[in-house]
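Heads up: the structure comes next, in structure tokens.
Residue indices begin at 1 and follow the sequence shown. Remember, it's a predicted structure, so these values are computed and weren't measured experimentally.
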Amino acid sequence: DLHIFNNITKSTGCGLSRINEVCQQNVADEEPSTWITSRSTIKHQIQQLRAQLNELKQIRKYLRLKRPVQEKEQEKRRHIKSGGSLIPFMEPGTEVCLCNGMQGKEAIKQRLEEKDGRRREKKMERLLRKERKRRKADKKNQRKSKKQDHCKVDVKMNCFSHDNNHWHTAPLWTEGPFCACTNSNNNTYWCVRNMNTTHNYLYCEYVTGMITYFDLKVDPFQLTNLLYTLPDSQLNYMHQQVTHLRTYSGEKRFLERRQRKLRLQKNKLRQKRLRKQRQSSIVALSTKSRRG
């Protein structure tokens with residue numbers, strides 16, 4: 001840095017006296033271009049020194065944050081020896097507590113007790129909320145059971161009751177109230193029924209994987225599932241039939257037929273045009289041959 005400073009003084013013709021005052025050596029007598037260059041070099045060097053100063057400040061800040069514990073203790077002792085106050089040496093930005101040791105312990109203990117008390121209160125509130133929800137659900141189930149004494153309450157099933165007054169048209173129900181339950185998981189299925197001179201059966205496939213086959217000639221009330229008595233060929237035939245009907249769409253079939261008709265009409269028009277072109281070409285050839 002001293003070498004740089006000497007270069008500056010040589011190039012600009014300026015230096016510092018013992019009392020740090022800038023002295024000019026015939027600067028006014030020099031040419032304006034020399035004065036401009038000297039001023040620009042001084043400005044450049046000032047910017048460099050400011051940048052170096054900022055870097056040193058950042059290094060000092062980093063060293064202050066990474067100061068070891070022993071150095072902090074030694075600095076505390078130096079602070080007390082130099083005639084500083086009896087207040088403990090603290091880092092900047094920290095809170096200072098001037099209190100007795102016993103009082104501090106009691107305050108910490110009191111704060112912990114208050115924290116535990118708040119935690120217990122929150123826990124009790126949560127338990128009370130759960131208890132209120134449970135009681136509300138019990139009351140709701142009791143009301144349902146009073147309305148439907150013959151139905152068992154089950155959360156997973158949707159149950160409803162019927163009695164002798166439910167149906168008003170024949171055939172009427174006369175055997176008293178009963179409970180009917182539906183399961184939403186078993187409410188989607190695909191069935192196919194074949195009726196002819198030799199067969200009258202119902203084949204169903206459910207979304208749960210269950211398959212049923214009822215021979216309605218022998219079992220009209222569908223009480224016996226005869227699935228496992230069928231050969232594989234019949235099962236495959238009925239499965240393909242159900243799959244075809246599942247994917248069948250009347251609108252799609254109508255559109256397909258309409259497109260087929262349009263294609264046939266276009267083919268007919270094209271054939272007519274070709275015939276006319278052929279006839280016209282034949283007529284032109286015949287006229288040419290007659291003229292020749």
Side-chain angles (χ1 to χ4, degrees), residues 1-137 155 184-185:
D1 293 336
L2 291 172
H3 180 68
I4 294 168
F5 183 71
N6 292 326
N7 292 331
I8 293 167
T9 55
K10 289 178 182 178
S11 61
T12 58
C14 295
L16 292 175
S17 64
R18 293 182 180 178
I19 58 173
N20 296 329
E21 292 180 357
V22 179
C23 63
Q24 297 180 357
Q25 296 179 357
N26 299 324
V27 176
D29 297 335
E30 294 178 356
E31 296 179 359
S33 59
T34 308
W35 181 83
I36 292 169
T37 52
S38 62
R39 187 183 65 174
S40 61
T41 51
I42 287 171
K43 284 184 178 180
H44 181 66
Q45 293 298 327
I46 287 170
Q47 290 177 359
Q48 286 184 352
L49 292 171
R50 283 178 180 172
Q52 290 178 2
L53 183 61
N54 290 328
E55 289 178 359
L56 291 171
K57 285 181 179 179
Q58 293 293 330
I59 293 167
R60 184 179 65 181
K61 186 177 179 180
Y62 176 77
L63 292 173
R64 188 183 299 161
L65 293 172
K66 299 295 181 180
R67 186 190 306 170
V69 180
Q70 294 179 357
E71 293 291 332
K72 290 182 181 180
E73 300 256 336
Q74 292 176 3
E75 189 166 352
K76 288 179 187 179
R77 294 193 192 96
R78 286 197 299 269
H79 178 70
I80 293 168
K81 286 180 181 180
S82 62
S85 62
L86 296 175
I87 299 172
F89 180 79
M90 302 294 291
E91 287 290 331
T94 57
E95 296 180 356
V96 179
C97 178
L98 299 175
C99 54
N100 194 1
M102 295 298 293
Q103 292 179 358
K105 289 181 181 179
E106 290 177 359
I108 292 169
K109 187 177 180 181
Q110 187 177 0
R111 284 198 297 271
L112 291 174
E113 289 177 356
E114 291 176 357
K115 191 175 181 180
D116 292 337
R118 287 195 296 270
R119 192 183 294 114
R120 284 194 295 270
E121 288 177 0
K122 289 181 180 179
K123 188 176 181 181
M124 289 299 296
E125 287 178 0
R126 285 197 299 270
L127 292 174
L128 289 172
R129 282 198 297 269
K130 287 182 181 179
E131 185 66 20
R132 282 196 293 269
K133 287 182 181 179
R134 189 185 64 79
R135 288 179 181 177
K136 191 174 180 180
V155 178
S184 60
N185 294 328

Checklist outcome for this item: Output for pair (L127 CG, K130 NZ), nearest 0.5 Å, gives 6.5 Å

Item to check | Test item: L56 and R60 side chains (from C-beta on) under 4.5 Å apart, heavy atoms | outcome: no

Checklist entry - Any chance CZ of R50 has more than 12 other-residue heavy atoms, nucleotides or ligands included, within less than 6.0 Å? => result no

Checklist entry - What distance do D116 atom CG and L112 atom CG have between them, rounded to the nearest 0.5 Å? => result 6.5 Å

Next on the checklist: For a 4.5 angstrom cut-off between non-hydrogen side-chain atoms, does Q110 reach E114?
Outcome noted: yes

Checklist entry - How long is the span from the CZ atom in R126 to the NZ atom in K123, to the nearest 0.5 Å? => result 8.0 Å

Item to check | Carboxylate-amine/guanidinium proximity below 4.0 Å for K122 and E125 | outcome: no

Checklist entry - Looking at residues at least two apart in the chain, or sitting in another chain, which of them share a side-chain hydrogen bond (donor to acceptor under 3.5 Å, both in side chains) with N54? => result none

Item to check | Euclidean distance, K57 NZ relative to I59 CD1, rounded to 0.5 Å | outcome: 13.0 Å

Item to check | Approximate separation, where rounding is to 0.5 Å, of Q47 CD and I42 CD1 | outcome: 12.5 Å

